[in-house]
Amino acid sequence: GLMVTGFILYNATGYLIEFQFTLVQRSDIDLALEKERGREVLEEARRLPGVNFAEPTLDVACDFEHGLYHRKGVVTGLVRGAKLTVPRNARAEPLRIPAAGVAMTRKLAELLQLRAGDSFVMTPIKGLRQPVTLQVAEISDSYIGLGVYTDLAYLSHLIGEEEAITGVQLKVNWRNHDRFALFQELKQMPALQAVNSRQDMLQNLTDTLVNMQRIFIGLITIFAGVIFFSSLLNTSLIGLAERRREVATLRVLGYGPFEIGGLFLRESMVVTALGTTLGLPLGYGLCHWIAHIYNTDMFRFPVVTPPIVFIATFSLAAVFGLLSHVVVQREISKFDWLEALQVKE
C-alpha cells in the first residue's frame with residue numbers, strides 16, 4: 001500500500017506542474033501594472049524585444065456571495081480566444097470564456113456551494129462597486145489558487161471602464177541577446193508593478209514543493225520496500241525451517257538446490273502478487289486521504305493513476321521478492337540435508 005502511495009504521489013506532482021504551468025498558464029512573462037491602463041500598454045509590450053505574442057488581462061478584487069456563503073477573491077478578465085491563460089476542466093479540455101457569466105474554479109464553487117448554471121452576486125471592491133448577479137457558466141479545474149475568469153470587455157464594463165488592463169502576458173522567444181534586452185526594456189517601463197517569470201515560478205516550486213515531495217515519496221518507497229522485503233524474507237525463512245525434512249527428502253530423491261529453490265521462489269512470487277494486489281486499493285485510498293488534507297484554498301493535490309503506477313508497483317515488488325529469494329536460495333544451497341534426515345520427529 002505504501003509503495004503504491006509513493007508512486008501515485010510522484011506522478012501527481014508531475015501532473016500538477018504540467019496541468020498548471022503548461023496547460024492553464026502558458027505565458028513566459030507576466031507583467032503586473034500599478035493601475036488600470038488602456039490598450040497603449042499592450043501595444044508597448046508587443047514591441048518589446050523577443051516578444052512573439054502578448055495578451056491583456058484585467059484582475060478585479062471582488063466579494064462573492066451565494067446565500068449565506070461569502071468569499072473574497074479576484075476575477076480575471078481574458079480576451080476571447082485567449083491563448084496564454086486557458087481555463088480547463090478535469091479532463092484538461094479548454095473551457096469557453098463566457099461573455100457575461102464566469103468560469104469558476106471547482107474549489108471556490110464548493111466553498112460557495114455553487115454548481116454550473118447557478119447564480120451568485122459579485123461586488124467589485126473598486127470602480128463602480130455595484131453588485132451584479134452572474135451565472136456560473138463553467139466549472140474549471142485548477143490546483144493552485146481560486147481562479148474566476150470572464151470576458152475582459154464585460155469585466156471592464158462592470159467597473160465603469162471602456163477597456164481596462166491591469167496585466168500583460170507575454171510569450172517570448174528566449175534567445176540569449178533577447179533576454180538581456182527584454183529585461184533592460186522592462187526596467188524602463190514606469191507603469192510596471194511586478195514582473196513574474198514562469199521559469200522562475202517553476203524553479204521556486206521545484207525547489208520547495210517538488211523537492212520536498214520527492215524526498216517524502218522516496219522515504220515512503222524505501223520504508224515500504226524494507227517492510228516488504230523483511231516480511232517476505234522472514235516468511236520464506238520460517239517456511240524453510242518448518243520444512244527441513246521435506247527439503248532433505250527432495251535432496252535424497254535427486255532434486256538439486258536450485259530446483260528446490262525454484263519451488264520456494266514460485267511460492268514466494270504467488271504471495272508477492274497476492275499481497276501487492278491487496279495493497280493497491282489501500283494505497284489508492286491513502287492517496288485520497290492525503291489529497292483531502294492538501295485540499296486548501298491555495299493548493300490542491302491531484303490523484304492520478306496512470307498504468308505506469310501499477311506496472312512500477314508490481315515490478316518493484318517482484319524485485320524485492322527476488323532479492324529475498326537470493327537469501328533463501330543461499331540457505332538452501334548450504335543446507336545439511338543428512339543432518340535434517342537424522343532429526344527425529
Side-chain angles (χ1 to χ4, degrees), residues 16 19-21 23-27 30 32-33 36-39 42 55-169 291 295-300 302:
L16 184 154
F19 186 94
Q20 197 68 37
F21 294 99
L23 299 178
V24 177
Q25 300 175 7
R26 308 179 65 185
S27 60
D30 291 342
L33 308 178
E36 293 87 355
R37 298 286 298 273
R39 290 192 63 86
L42 177 63
E55 282 182 353
T57 61
L58 172 62
D59 291 330
V60 177
C62 298
D63 288 326
F64 305 117
E65 294 184 35
H66 177 234
L68 299 176
Y69 302 97
H70 177 271
R71 205 79 183 180
K72 292 183 180 294
V74 174
V75 179
T76 299
L78 303 174
V79 294
R80 297 282 183 88
K83 299 178 181 179
L84 300 184
T85 294
V86 184
R88 296 177 183 268
N89 59 20
R91 297 183 298 276
E93 299 169 342
L95 299 178
R96 172 183 61 89
I97 300 298
V102 301
M104 180 178 289
T105 299
R106 189 175 306 278
K107 178 61 178 179
L108 181 58
E110 292 174 355
L111 293 172
L112 294 172
Q113 297 295 300
L114 289 169
R115 294 178 296 180
D118 291 347
S119 298
F120 69 101
V121 177
M122 182 186 78
T123 306
I125 60 176
K126 64 190 309 182
L128 297 179
R129 302 187 183 184
Q130 293 180 349
V132 58
T133 300
L134 295 178
Q135 185 183 56
V136 181
E138 302 278 1
I139 297 292
S140 68
D141 283 86
S142 175
Y143 299 107
I144 298 178
L146 301 174
V148 180
Y149 306 99
T150 190
D151 182 72
L152 188 145
Y154 175 72
L155 186 58
S156 297
H157 174 72
L158 290 182
I159 61 173
E161 299 285 348
E162 182 177 353
E163 185 174 4
I165 297 174
T166 60
V168 179
Q169 296 182 305
N295 192 1
T296 64
D297 293 4
M298 295 302 299
F299 179 80
R300 273 85 61 196

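Values reported hereafter were calculated over all heavy atoms of this structure, with side chains retained and with hydrogens, waters and symmetry mates removed.
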Worksheet item: Is the backbone N or O of A164 less than 3.5 Å from a side-chain atom of S156, with the two atoms forming a donor-acceptor pair by type?
Response: yes
Discussion item. Main chain of D59, side chain of T166: is a donor-acceptor contact present, judged purely on distance under 3.5 Å?
Written reply: yes
Please enumerate all residues that pass salt bridge (charged side-chain N to carboxylate O under 4.0 Å, His left out) together with [X], with sequence neighbours excluded.
| X | answer |
| --- | --- |
| R300 | none |
| D151 | R80 |
| E138 | none |

For [X], which residues count as a side chain to side chain contact (heavy atoms under 4.5 Å, CB included) partner, sequence neighbours excluded?
| X | value |
| --- | --- |
| R129 | none |
| Q130 | L128 |
| E65 | H70, V121 |
| S27 | D30, L84, Q169 |

Determine the minimum heavy-atom distance between [X] and [Y], stating which atoms define it.
| X | Y | result |
| --- | --- | --- |
| A103 | P98 | N-CG, 3.8 Å |
| G145 | T105 | O-CG2, 4.2 Å |
| P87 | L78 | CD-CD1, 4.3 Å |
| L152 | P56 | CD1-O, 3.8 Å |

[atom2] on [Y] to [atom1] on [X], rounded to 0.5 Å:
| X | Y | atom1 | atom2 | result |
| --- | --- | --- | --- | --- |
| I139 | N89 | CD1 | CG | 11.0 Å |
| F64 | L134 | CZ | CG | 9.0 Å |
| R88 | S140 | CZ | OG | 11.5 Å |

Worksheet item: So L158 and M122, side chain to side chain contact (heavy atoms under 4.5 Å, CB included) or not? Walk me through it.
Response: CA-CA 10 Å; L158 290 182; M122 182 186 78; 3.3 Å; yes
Discussion item. L58 and side chain to side chain contact (heavy atoms under 4.5 Å, CB included): which single residue from I159, L33, V79, T150 fits?
Written reply: I159
Item to complete: Report yes if the side chains of V24 and S142 come closer than 4.5 Å at any heavy-atom pair, otherwise no.
Response: no
Worksheet item: Any side-chain heavy atom of T85 sitting closer than 4.5 Å to one from T76?
Response: no
Side-chain polar contacts of residues 108-115 - donor-acceptor pairs under 3.5 angstrom, sequence neighbours left out - could you list them?
from, atom 1, to, atom 2, distance (Å)
Q113, NE2, E110, O, 2.9

Item to complete: For V75 and L155, run side chain to side chain contact (heavy atoms under 4.5 Å, CB included): C-alpha distance rounded to whole Å, both residues' side-chain angles, the deciding distance at 0.1 Å, then the answer.
Response: CA-CA 8 Å; V75 179; L155 186 58; 4.0 Å; yes
Discussion item. Under the rule for side-chain hydrogen bond (donor to acceptor under 3.5 Å, both in side chains), what residues qualify as partners of R26, not counting sequence neighbours?
Written reply: none
Discussion item. Once ring pair (Phe, Tyr, Trp, His ring centres under 6.0 Å) is applied, what residue pairs with a partner in residues 122-163 remain, sequence neighbours excluded?
Written reply: F19-Y143
Worksheet item: Can you list every ring pair (Phe, Tyr, Trp, His ring centres under 6.0 Å) pair that touches residues 72-117, not counting sequence neighbours?
Response: none
Worksheet item: Are E163 and R39 ion-paired here, with the side-chain N under 4.0 Å from a carboxylate O?
Response: yes
Item to complete: Kindly state each residue pair satisfying side chain to side chain donor-acceptor pair (under 3.5 Å) with at least one member in residues 116-125, sequence neighbours excluded.
Response: none
